[in-house]
Amino acid sequence: MAASPTPRPTSKTVAEANGWPGADELGDWAARHAIDQDLAPIGIACSGGADSVALLLAAHARWPGRCVALHVHHGLQEAADGFEACVRELAASLGMPVHVARVDARHAPGQSPEDAARLARYSALAELAKRQGLGWVLLAQHGDDQAETVLLALSRGAGLPGLAAMPEAFERHGQRFGRPWLGVPAHSLREALIARDQRFVDDPSNGDERYTRNRIRSQLMPAWAHAFPGYRAALARSASHAAQAQRLLDELASIDLLATGEPPRIAALQGLARDRQANALRHWLRRVHGVAPSTAQLDELLDQVHACRTRGHAIRIKVADGFVQRDGECLAYTPSV
């Protein structure tokens, strides 16, 4: 049964929420996305870790009676039952409903464990939220997570979509998600919980340096902090600039695809400069088919488009789990069966 909408926060509840680090950021984010005018119940994704416990408490203080705790049990480690128990205990102490999804987050061959867990988590959270009629699901990613994401993108040679890092609001599986704390440092959240003697759990996998993010967190970020004390805010600004530039490129791609058609006509693509061809094709593949070509794949595709001047010229380029190929006068994407 869906949680009942409650009135917008009073000055008293807002004052209580302001006792938490990140309260100003939470309020500013809520204002930007008209959360207090919506009045739908709000889901808080809570793993039991320090960041999500802090968000659950801050959101409950701001919107008492309106929040719902959501927990995803990945089943990947023995400590998982303890995470769920911590969330249930906290939600019960607040008189807050809690809903748990159990997922199989094991990764497929060739897939990273982090990606598999993330995909399973978002799908499960969206399903829980839709069942409960929630307007938003809030996530506790913070400024350190955003900095890690930018550094990870740089280490992989990512383009603008990767350098733009995590958006503060997005939609996935038909559900709205929000990240109100992308400008809040992690240490302030943990310190606030410790000062209040508030229980939370530490994920043992966070110390496993087989995972790239953990190596960035333990080795690279301390060096950046020593050399550039304000690096978190600087990387966040860079991510914001990249996101703005990507939005402009998406607008240009939409204009060009109006001219080439969808699926794009090869002759019309050939009338564009190579960089605009690349931008339009990348946008088409991502938006329509949900796939992203590698740099090498896209370069090969552009070479084939340029060379395609005769009726019998074939195009077939591997992209993700399928192929971009010629279909008459147009390009088409066909997933592997």
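This is a predicted model, so every value here is computed, not measured.
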Listed once per pair and sorted, the side chain to side chain donor-acceptor pair (under 3.5 Å) pairs that draw on residues 84-93, sequence neighbours left out: Glu84-Arg88, Glu84-Arg102, Glu89-Arg199
Sole candidate of Arg215, Arg217, Arg232 that passes salt bridge (Lys or Arg N to Asp or Glu O under 4.0 Å) when paired with Glu148: Arg217
Residues which pass salt bridge (Lys or Arg N to Asp or Glu O under 4.0 Å) with Arg121, listed by chain and number, not counting sequence neighbours: none
Under 3.5 Å donor-acceptor, Arg309 side chain and His306 backbone: yes
CA sep, side-chain torsions, deciding dist, call: Glu300, Val324, side-chain contact (heavy atoms from CB on, under 4.5 Å): CA-CA 11 Å; Glu300 177 63 20; Val324 177; over 6 Å; no
Check: Arg179 side chain, Pro167 main-chain N or O, donor-acceptor pair, under 3.5 Å: yes
Straight-line distance of Gln141 CD to Phe177 CZ, nearest 0.5 Å: 10.5 Å
Side-chain donor or acceptor of Gln270 paired with backbone N/O of Cys308 under 3.5 Å: yes
Donor-acceptor contact present, side-chain Gln146 to main-chain Met166, <3.5 Å: yes
Donor-acceptor pair, side chain of Thr149 and main chain of Asp145, under 3.5 angstrom: yes
Rounded distance [0.5 Å steps], CG in Leu301 versus CG in Leu281: 5.5 Å
In one Ile/Leu/Val/Met/Phe/Trp/Tyr side-chain cluster, 4.5 Å: Leu138, Leu94: yes
Flag if over 12 foreign heavy atoms under 6.0 Å of CD, Glu329: no
ring-ring contact (aromatic ring centres under 6.0 Å, His included) contacts in which one or both residues fall within residues 242-269, not counting sequence neighbours: none
Pairs satisfying salt bridge (Lys or Arg N to Asp or Glu O under 4.0 Å), at least one member in residues 263-273, at least two apart: none
Flag, side chain of Tyr333 to backbone of Val291, donor-acceptor distance under 3.5 Å: no
Atom pair CZ (Arg276) and CG (Leu269), whose distance is rounded to the nearest 0.5 Å: 11.5 Å
Audit row: Val72, Leu70, side-chain contact (heavy atoms from CB on, under 4.5 Å) steps and yes/no: CA-CA 7 Å; Val72 178; Leu70 305 177; over 6 Å; no
Donor-acceptor under 3.5 Å (Asn279 side chain, Leu249 main chain): yes
Gln175 side-chain N/O to Gly135 backbone N/O, donor-acceptor pair under 3.5 Å: yes
ILVMFWY network linking Leu154 to Met221, side-chain heavy atoms under 4.5 angstrom: yes
Value rounded to 0.5 Å, distance of CZ in Phe170 from CZ in Arg176: 12.5 Å
His71 and His73 aromatic ring geometry - parallel, tilted or perpendicular at 30°/60° bounds: perpendicular
Stepwise salt bridge (Lys or Arg N to Asp or Glu O under 4.0 Å) check, Glu251 with Arg247: CA-CA 6 Å; Glu251 288 184 17; Arg247 287 193 295 270; over 6 Å; no
Sequence neighbours excluded, every pair satisfying salt bridge (Lys or Arg N to Asp or Glu O under 4.0 Å) that has a member inside residues 161-172: Arg32-Glu168
CD1-CZ distance between Ile35 and Arg66, expressed to the nearest 0.5 angstrom: 6.5 Å
Test salt bridge (Lys or Arg N to Asp or Glu O under 4.0 Å) applied to Arg286 - qualifying residues, sequence neighbours left out: Asp250
Residues His99, Arg131; criterion side-chain contact (heavy atoms from CB on, under 4.5 Å); working and verdict: CA-CA 10 Å; His99 300 279; Arg131 287 179 187 173; over 6 Å; no
Test log, rule side-chain contact (heavy atoms from CB on, under 4.5 Å), inputs Thr260 and Trp284: CA-CA 11 Å; Thr260 66; Trp284 167 63; over 6 Å; no
Reported CZ-to-CG distance for the pair Arg274 and Leu302, which is rounded to 0.5 angstrom: 4.5 Å
Smallest separation among heavy atoms of Trp63 and Asp36, with atom names: NE1-OD1, 2.8 Å
